[in-house]
Amino acid sequence: MAAHGKYPHLFSPLDLGFTKLKNRALMGSMHTGLEEAEGGFERMAAYFAERAKGGVGLIITGGISPNPEGGKGAKLSNEAEVAEHRQITEAVHAADPDVKICLQILHMGPLARGGDPVAPSAIRSRIASRTPRELDADDVEKQISDMVNCAVCAQKAGYDGVEVIGSAGYLISTFLVEKTNQRTDKWGGPFENRMQFPLEIMRRIRAAVGPDFIVIFRIAAMDMLQGGMSWEEVVTLAKKLQEIGVNIISTHFTWHEAEVPTIATMVPRAAFTQVTGRLRKELDIPLITSNRINMPDVAEAVLARGDADIVSMARPMLADAELVNKAFEGREDEINTCIACNQACLDHTFNGMEVSCLVNPRACHETILNYEPTGRAKKIAVVGAGPAGLAYATVASERGHQVTLYDAAPEIGGQFNLAKRIPGKEEFHETIRYYNRMIEKQGIDLKLNTRVDAEMLAVAGYDKVVIATGITPRVPDIEGINHPKAVSYIDVITGKKPVGRKVAIMGAGGIGFDVAEKITHEGKSSALDVDIFAQEWGIDFKNHPRGGVTGVEPVVAKADRDVILLQRKTTRVGRGLGKTTGWTHRITLARRGVKMLNGVEYRKIDNDGLHILVNGQPETLDVDTVIICAGQLPLRGLYDELVEKGVDAELVGGAYEAAELDAKRAINQASYLAAAV
Ligand code: FAD
Ligand code: NAP
Ligand code: SF4
């Protein structure tokens, strides 16, 4: 077959001898919560089959436990469970017989929730709620044979292989690192002993499943731990794994307890692939790389420079099941790009909720949310081209409705046009690009610079008017709120109003934090430069000390401004931010010298600054600027007027409910409503 013109590396097959991958695009492992949900296997079958149809070459399932000690989630260890898993493998192979699917074997060890967490030593992880029980010699043997049994069950269930996770702070990785393995028997002591646990597992798995079964090991190539694995240890382990018949090494770059962001939106695209590239030079078997590879050109560049043989994209496959086919067919501008927000995927996982995707609410809901052609096309006006209006308009139009989309602004995107200006949120541009393309492709009648009113809509004869007019910033009722020192976050982000050297930010929600980031940021965004990112988070890619971070101090320039972030609540400032990303924002701002204060009562703003009460004591913050980030109110006057005129109108997004609104809720609500209209 001739090489693909634009992505020759991404679309070249990979021959493993006994089997072949049709391309180099892999869907990485993600726990979705469907593993444990009622009817979850049927839903997973549809979810994976859609990705198989979408062109990916190899799929890795979410982590499945080999035994109860491995985690209270889904387990694969007996015939009944084999039968359940067959639903997945049959659906994937029916969707495309050339697509391979491997089961990930995940023993959570000390991070297992519920039950009886076990570990090589009774050492509690920073992020675990309990101290694990130390495995005795018989227990170690049991864990090994349970993992082998799980691999055999996977083979019976029709999987093409298994991936064993040996990273992230789960059981296997805790054997490898000295600070979590203090054993004095044959499984502890020098690295030679510590690596015997994974080697024994992989050796016995290979013997049990035979040669014609894909066996992958996921290694923490840079674990981001102070005192983590050294580069020499990583290379030694990888070479031994190769020797004993592992087919592919998948590189991972973290333990969950590490204090370095590795997949959040401020991480540059493909930031870590250089580590895989270095390991690849030491081995003869193929290597998988991952982390923040979200578009085909990024994947192609990684492969072309020899950093890896296979590129793993996990969250990007939630955002767009057809990513690979779209790349193959030259339809990259139609890709709904993962913006690395974590809001509907990882945040859900860590909050014990089912996973979906902010930009694609169908993800993991393939049997629930479908955009079927309508039997009765309606003439629909959508007012407001923010996330809610865009989702409604594109879904309704895809289903065959005739849609006119209005916005008062000169461009689509609504508040995403503010979000994209925050350093580290550059990915938000992609969502706007995607919707622009969908509007063009579907022939939606887009009317920008058009502020509509009820009169005009009423006479236009629409069957339905969807009000997606969003929000208006809340203006707190305090003395001096109109003082020249008081400015709205919108004027700050758009650069319409200057910001002084001494600043108070009133309100510490997502927008308060984003504004603090913007006004304390200097120079290029670290999301666009791997060297700046590495410096800010204390990673030494070049010398690779233990874990990549041992002894490396983060270098963050103190901001030129004195900034204080305020809230009335007495809870910790930033507590409401995303579970998996909030800590990165708190750390970054603290390193820049931003102060945070809770339990504040606002009194007035005047020439002296912002007057507050803290614990009942008056205080005056001598500031030049007070930026108001005090939440929002729905903008729905138009809706009330339309209803009065008897027009069939519907509210969506911020216009429906501004409290606790985010783009996840706006897009989700709009998509469900448009799927039903
Ligand atoms: P909007 O985005 O406000 O869109 C409303 C649109 O209606 C606007 O384009 C407006 O011009 C138009 N309009 C209003 N009245 C009329 C009229 N009469 N005629 C025509 N057009 C009209 N959310 C997240 O989930 N994650 C984030 O990381 C995140 N970061 C953010 C960062 C910043 C700085 C900001 C400001 C917001 C952020 N948000 C984030 C919030 C998110 O952008 C909003 O929740 C989302 O945009 C709400 O969507 P919406 O469509 O309801 O309203
Ligand atoms: P928000 O998260 O609701 O925060 C509003 C802030 O204003 C809070 O700190 C609140 O805290 C304060 N406040 C509320 N009423 C006030 C009043 N009358 N006077 C003074 N302060 C008041 O809203 P937001 O920051 O405007 O963000 C809007 C939405 O965008 C959020 O829901 C958020 O999810 C989303 N967003 C998300 C991200 C992200 O990274 N995921 C980033 C930006 C925005 P106190 O009442 O305690 O003072
Ligand atoms: Fe990507 Fe956000 Fe969707 Fe997760 S929720 S897949 S991070 S866009």
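Every number for a ligand or one of its atoms is a count from 1 in the order of the listing. Small disclaimer: the values here were computed from a predicted structure and weren't measured. Along the sequence shown, residues carry numbers from 1.
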Min heavy-atom dist [X] to ligand 2 below 4.0 Å:
{"X": "Ala508", "answer": "yes"}
{"X": "Gln415", "answer": "no"}
{"X": "Gly576", "answer": "no"}

Starting from [atom], which protein heavy atom do you reach first, and at what distance in Å?
{"atom": "atom 8 (C) of ligand 1", "answer": "Asp407 OD2, 3.4 Å"}
{"atom": "atom 37 (C) of ligand 2", "answer": "Gly510 CA, 4.3 Å"}
{"atom": "atom 32 (C) of ligand 1", "answer": "Asp514 OD2, 3.1 Å"}
{"atom": "atom 2 (Fe) of ligand 3", "answer": "Cys341 SG, 2.4 Å"}
{"atom": "atom 39 (C) of ligand 2", "answer": "Lys425 NZ, 4.0 Å"}
{"atom": "atom 19 (N) of ligand 1", "answer": "Val452 N, 3.3 Å"}
{"atom": "atom 7 (O) of ligand 1", "answer": "Gly384 CA, 3.2 Å"}
{"atom": "atom 3 (O) of ligand 1", "answer": "Gln415 NE2, 2.9 Å"}
{"atom": "atom 1 (P) of ligand 2", "answer": "Gly509 CA, 4.1 Å"}
{"atom": "atom 51 (O) of ligand 1", "answer": "Ala388 N, 2.9 Å"}
{"atom": "atom 30 (O) of ligand 2", "answer": "Leu661 O, 3.6 Å"}
{"atom": "atom 25 (O) of ligand 2", "answer": "Ile511 N, 2.9 Å"}

Counting heavy atoms only, which part of [X] comes closer than 4.0 Å to ligand 1: side chain, backbone, both or neither?
{"X": "Ala468", "answer": "backbone"}
{"X": "Asp662", "answer": "both"}
{"X": "Gln343", "answer": "side chain"}
{"X": "Leu358", "answer": "side chain"}
{"X": "Lys425", "answer": "side chain"}

* Would one find an N or O of Gly413, backbone or side chain, under 3.5 Å from an N or O of ligand 1? ->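 No, Gly413 has no N/O under 3.5 Å of an N/O on ligand 1.
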With heavy atoms only and a cut-off of under 4.0 Å, state how [X] meets ligand 2: side chain, backbone, both or neither.
{"X": "Glu601", "value": "neither"}
{"X": "Tyr602", "value": "side chain"}
{"X": "Cys629", "value": "backbone"}

* Polar contact flag, side-chain donor to acceptor under 3.5 angstrom, Arg331-Asn325 -> no
To which of [options] does the heavy atom nearest [atom] belong?
{"atom": "atom 23 (N) of ligand 1", "options": "Ala663, Gly510, Ala419", "result": "Ala663"}
{"atom": "atom 35 (C) of ligand 1", "options": "Leu577, Val383, Ile511, Thr472", "result": "Ile511"}
{"atom": "atom 11 (O) of ligand 2", "options": "Glu517, Lys569, Met506", "result": "Lys569"}
{"atom": "atom 22 (C) of ligand 1", "options": "Gly512, Ala454, Ala408", "result": "Ala408"}

Run the numbers for me: atoms of ligand 1, each under 4.0 Å from some heavy atom of [X], listed by number.
{"X": "Thr450", "answer": "19 (N), 20 (C)"}
{"X": "Thr469", "answer": "5 (C), 7 (O), 14 (C), 15 (N), 16 (C)"}
{"X": "Gly654", "answer": "52 (O)"}
{"X": "Leu661", "answer": "45 (O), 48 (C)"}
{"X": "Lys664", "answer": "25 (O)"}
{"X": "Phe416", "answer": "43 (O)"}

* Just which atoms of ligand 2 are under 4.0 Å from any heavy atom in Gly507? ->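 With Gly507 as reference, the close atoms of ligand 2 come out as 6 (C), 7 (O), 9 (O).
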* Could you list the atoms of ligand 2 found under 4.0 angstrom from a heavy atom of Gln632? => 26 (O), 28 (C)
* Asked: So which bit of Cys338 gets within less than 4.0 Å of ligand 3, heavy atoms only: side chain, backbone, both or neither?
  -> both
* Determine, using heavy atoms of Cys341 and all atoms of ligand 1, whether some pair is separated by less than 4.0 Å. => no
* Asked: Would one find an N or O of Arg568, backbone or side chain, under 3.5 Å from an N or O of ligand 2?
  ->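 Right, the criterion is met.
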* Asked: Do the rings of Trp537 and Trp583 sit parallel, tilted or perpendicular, given the 30° and 60° boundaries?
  ->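 Correct class here is perpendicular.
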* May I ask you to say whether Glu427 pairs ionically with Arg292, meaning some side-chain N is under 4.0 Å from a carboxylate O? => yes
* Assess Cys357: does it contribute an N, O or S atom lying under 2.8 Å from atom 4 (Fe) of ligand 3? =>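 Within the cut-off used here (under 2.8 Å), Cys357 places no N, O or S atom near atom 4 (Fe) of ligand 3.
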